[in-house]
Amino acid sequence: MSLNARNVSEEEYFYGHKACAGCGGSLAVRMALKVLGQNAIAAVPACCMSAVAFNFPQLCFGNNAIITPFAATASVLTGIQAGLKAKGINDFHAVGFAGDGGTADIGLQALSGAIDRNDDILYICYDNEAYMNTGIQKSSLTPFGARTTTTPAGKNIRGNIRPKKNMFEIVAAHDIPYAATASIGNIPDFINKVEKAKNIRGTKFIHIISPCPTGWGIATDQTVMIAKEVVESGLWYLAEYENGTFKLNYKPKRFTPVAEYLKKQARFRHLTTEDIASIERSRDKKWETLNTWI
């Protein structure tokens, strides 16, 4: 049965946290845990979610959760699932929630190792496209042109000069049992991918774009809207990898203007017409490949 707002669990397992208003990452965690239920055991590295959820004396997870070393989310998940299985406990879901830096940069080795072992875990990367809780520094998932504290916009260099790392296809290259992309702008798609992942044995990975009003320079009530626009503009796509095959879940009938999406965010307002044209060319080149997927 397809999950939606009417039939998803009303139980809450992530509440009372100290996240910024409009935080996309906290919404991703909340919705994933509603799908996984009370037997989910969460591992969270140094990131926004550990900073806002483990404030003594409050623990904002309604189920068991642990803070891991920054690089060790997938390794800790491996230990959780191995330990519980050794005790004869099988009714659980070991799930990791890590940001873009803790996934694509600092935690990539541990994630790659877990996929290689095919550990029975679910790894969810909530991607706000920078190291937000430490001061908005660039990560390898920061998109081209974005202004951060370590990629400032000036006369000679206008923000980040490197493209966003393609984590979804890097993970798929491991021949992982299941991988998917998602967006806070399409919650039904996300929760159904979590539901699908929890019923697959082996390593699963979901990469969800999760806008950060503070770091992106948008109003706190624009999180869902901007997460929809990044998909409609073609700068983010919804897809799955399963059984060695890529599947595109959604294709906009016509891309919305890239300039409109970018200029709504303070981190991109310095971009020139030439910069935006370059971003559009990169998008179009990527979609040449995406259009070949089933």
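The basis for the numbers below is simple: all heavy atoms, side chains too, and nothing from hydrogens, waters or symmetry mates.
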Side chain of [X], backbone of [Y]: donor and acceptor closer than 3.5 Å?
X	Y	answer
Lys204	Gly202	yes
Asn243	Thr245	no
Asn7	Ser2	yes
Ser112	Leu108	no
Asp127	Ser210	no
Ser75	Ala110	no
Asn291	Glu288	no

Value rounded to 0.5 Å, distance of [atom1] in [X] from [atom2] in [Y]:
X	Y	atom1	atom2	result
Ser139	Asn128	OG	CG	8.0 Å
Arg147	Thr149	CZ	OG1	11.0 Å
Glu10	Glu12	CD	CD	9.0 Å
Lys193	Glu240	NZ	CD	5.0 Å
Ile161	Phe144	CD1	CZ	8.5 Å
Ile206	Tyr178	CD1	OH	5.5 Å

Identify whether [X] and [Y] are in the same connected component of the hydrophobic contact network (ILVMFWY, side-chain heavy atoms under 4.5 Å).
X	Y	answer
Phe268	Val231	yes
Leu111	Ile106	no
Ile184	Leu262	no
Ile226	Val224	no
Tyr13	Phe54	yes

- Query: Does the distance from a Lys or Arg side-chain N to an Asp or Glu carboxylate O, for Arg158 and Glu274, drop under 4.0 Å?
  - Reply: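 Salt bridge absent between Arg158 and Glu274.
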For residues [X] and [Y], report the shortest heavy-atom separation together with the two atoms involved.
X	Y	answer
Ala43	Thr68	CB-CG2, 3.7 Å
Leu248	Leu290	CD2-O, 3.9 Å
Cys23	Met49	SG-CE, 3.8 Å
Asn199	Glu195	ND2-O, 3.0 Å
Thr203	Asp119	OG1-O, 2.7 Å
Ala74	Ile121	O-CD1, 4.2 Å

For Asp91, give me all partners under side-chain hydrogen bond (donor to acceptor under 3.5 Å, both in side chains), at least two apart in sequence or on another chain.
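Once residues adjacent in sequence are excluded, the partners of Asp91 under the side-chain hydrogen bond (donor to acceptor under 3.5 Å, both in side chains) criterion are Asn39.
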Side-chain heavy atoms of [X] within contact of [Y], under 4.5 Å:
X	Y	value
Ile176	Tyr123	no
Glu129	Val230	no
Thr148	Asn160	no
Ile41	Leu84	yes
Phe190	Val35	no
Tyr15	Arg30	no
Tyr237	Trp293	yes
Arg162	Thr142	no

More than 12 non-hydrogen atoms from neighbouring residues, nucleotides or ligands closer than 6.0 Å to [atom1] on [X], yes or no?
X	atom1	result
Arg269	CZ	yes
Lys251	NZ	no
Lys263	NZ	yes
Gln109	CD	no
Lys264	NZ	yes

Exercise for the section: Indicate the ring-plane relationship of Tyr261 and Trp216, choosing parallel, tilted or perpendicular according to the 30° and 60° boundaries. Expected result: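 Judged by the thresholds at 30° and 60°, the geometry between Tyr261 and Trp216 is perpendicular.
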Query - Pairing residues for Trp236 by the ring pair (Phe, Tyr, Trp, His ring centres under 6.0 Å) criterion, not counting sequence neighbours - result: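 His207.
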Any salt bridge (Lys or Arg N to Asp or Glu O under 4.0 Å) involving residues 43-52? Give me the pairs, sequence neighbours left out, ordered by first then second residue.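 As it turns out, there is no salt bridge (Lys or Arg N to Asp or Glu O under 4.0 Å) pair with a partner in residues 43-52 once direct neighbours are skipped.
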Centroid-centroid under 6.0 Å between Phe205 and Phe168 rings =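 No.
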Verdict with reasoning, Val52 to Cys60, per side-chain contact (heavy atoms from CB on, under 4.5 Å): CA-CA 8 Å; Val52 305; Cys60 298; over 6 Å; no
Fill in: Test item: side-chain donor near acceptor, Asn186 and Tyr250, under 3.5 Å
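The answer is no; no qualifying pair exists.
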*asked:* Whether the Thr272 and Asp275 side chains hold a donor-acceptor pair (N or O, under 3.5 Å, no angle test) is what I'd like checked.
replied: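 Yes, a side-chain donor-acceptor pair sits under 3.5 Å.
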Check your understanding: Do Tyr241 and Glu169 pass the side-chain contact (heavy atoms from CB on, under 4.5 Å) test, and can you show the C-alpha distance, the side-chain angles, and the key distance before you say yes or no?
Key -> CA-CA 9 Å; Tyr241 175 85; Glu169 291 186 35; over 6 Å; no
Could you walk me through whether Lys34 and Leu3 pass the side-chain contact (heavy atoms from CB on, under 4.5 Å) check? CA-CA 11 Å; Lys34 286 171 78 69; Leu3 293 179; over 6 Å; no
| message | For Thr150 and Tyr131: C-alpha separation, side-chain torsions, deciding distance, then whether side-chain contact (heavy atoms from CB on, under 4.5 Å) applies. | response | CA-CA 10 Å; Thr150 52; Tyr131 291 87; over 6 Å; no
